[in-house]
Amino acid sequence: MRIGTGWDLHRLVSKRALVLGGVVIPSDKGEAAHSDGDVLVHAIIDALLGSLAKGDIGSHFPDTDPAYKDADSMQLLKKVLSEDLPPYHIENIDTTLILQTPKLRPHIEAIRKNLAKAMGLKLEQVSVKAKTAEGILGELGSGDAVIAQATVLIS
Ligand code: MG
């Protein structure tokens with residue numbers, strides 16, 4: 001068995017979609033990014049690559065490469081799962097989102113289901129938790145940034 005952790009942060013700006021785990025969440029702000037900015041999927045990709053000691057998302061999918069402009073992060077995740085993960089497979093993933101607003105609780109199950117389906121996992125192998133920044137920590141507390149953390153166990 002091997003374990004990996006991932007972390008990602010994106011600024012939130014108007015006129016961008018808020019995409020978390022491949023699910024578009026109703027919000028007046030979304031992630032500023034070269035790709036679709038799916039902070040949760042980016043953290044999961046980094047956790048997977050970390051568990052394999054194969055570098056990080058930036059080394060695999062450089063944001064200077066026009067090929068990844070507005071990239072669907074789910075497709076990047078699927079590429080890592082098909083090309084980098086074998087012969088290992090995922091035992092479980094556990095993730096945390098930190099977002100001041102909007103409240104994510106109504107969307108957690110949709111995010112879990114979408115991730116489980118995309119990753120070929122059972123629902124009970126995918127944990128997604130969410131919390132606010134308690135209104136503190138600068139841009140995070142003012143709702144102008146989002147953080148995701150992920151841990152993955154592979155065997
Ligand atoms: Mg990112």
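Just so you know, ligand 1 is whichever comes first in the structure, and atom 1 is the first atom listed for that ligand. What you see is a predicted model; the values in this text were computed from it and never measured. Hydrogens, waters and symmetry mates play no part in the numbers below; they use all other heavy atoms, side chains included.
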For this session: Give a yes or no on this: more than 12 heavy atoms of other residues, nucleotides or ligands lie within 6.0 Å of atom NZ of Lys131.
Result: no
Exercise. Around Arg11, counting heavy atoms of other residues, nucleotides and ligands shown, do more than 12 lie under 6.0 Å from its CZ?
Worked result: no
Seminar exercise, completed: Partner of Ile44 under side-chain contact (heavy atoms from CB on, under 4.5 Å), picked from Leu77, Leu81, Ile90, Val152, is Leu77
For this session: Kindly compute the distance separating OG (Ser73) from CG (Leu40), expressed to the nearest 0.5 Å.
Result: 10.0 Å
For this session: Identify, by name, the N, O or S atom of His42 lying closest to the Mg ion (ligand 1).
Result: ND1
Seminar exercise, completed: In Asp8, the N/O/S atom nearest the Mg ion (ligand 1) carries the name OD2
Exercise. Within Asp38, is some N, O or S atom less than 2.8 Å away from the Mg ion (ligand 1)?
Worked result: no
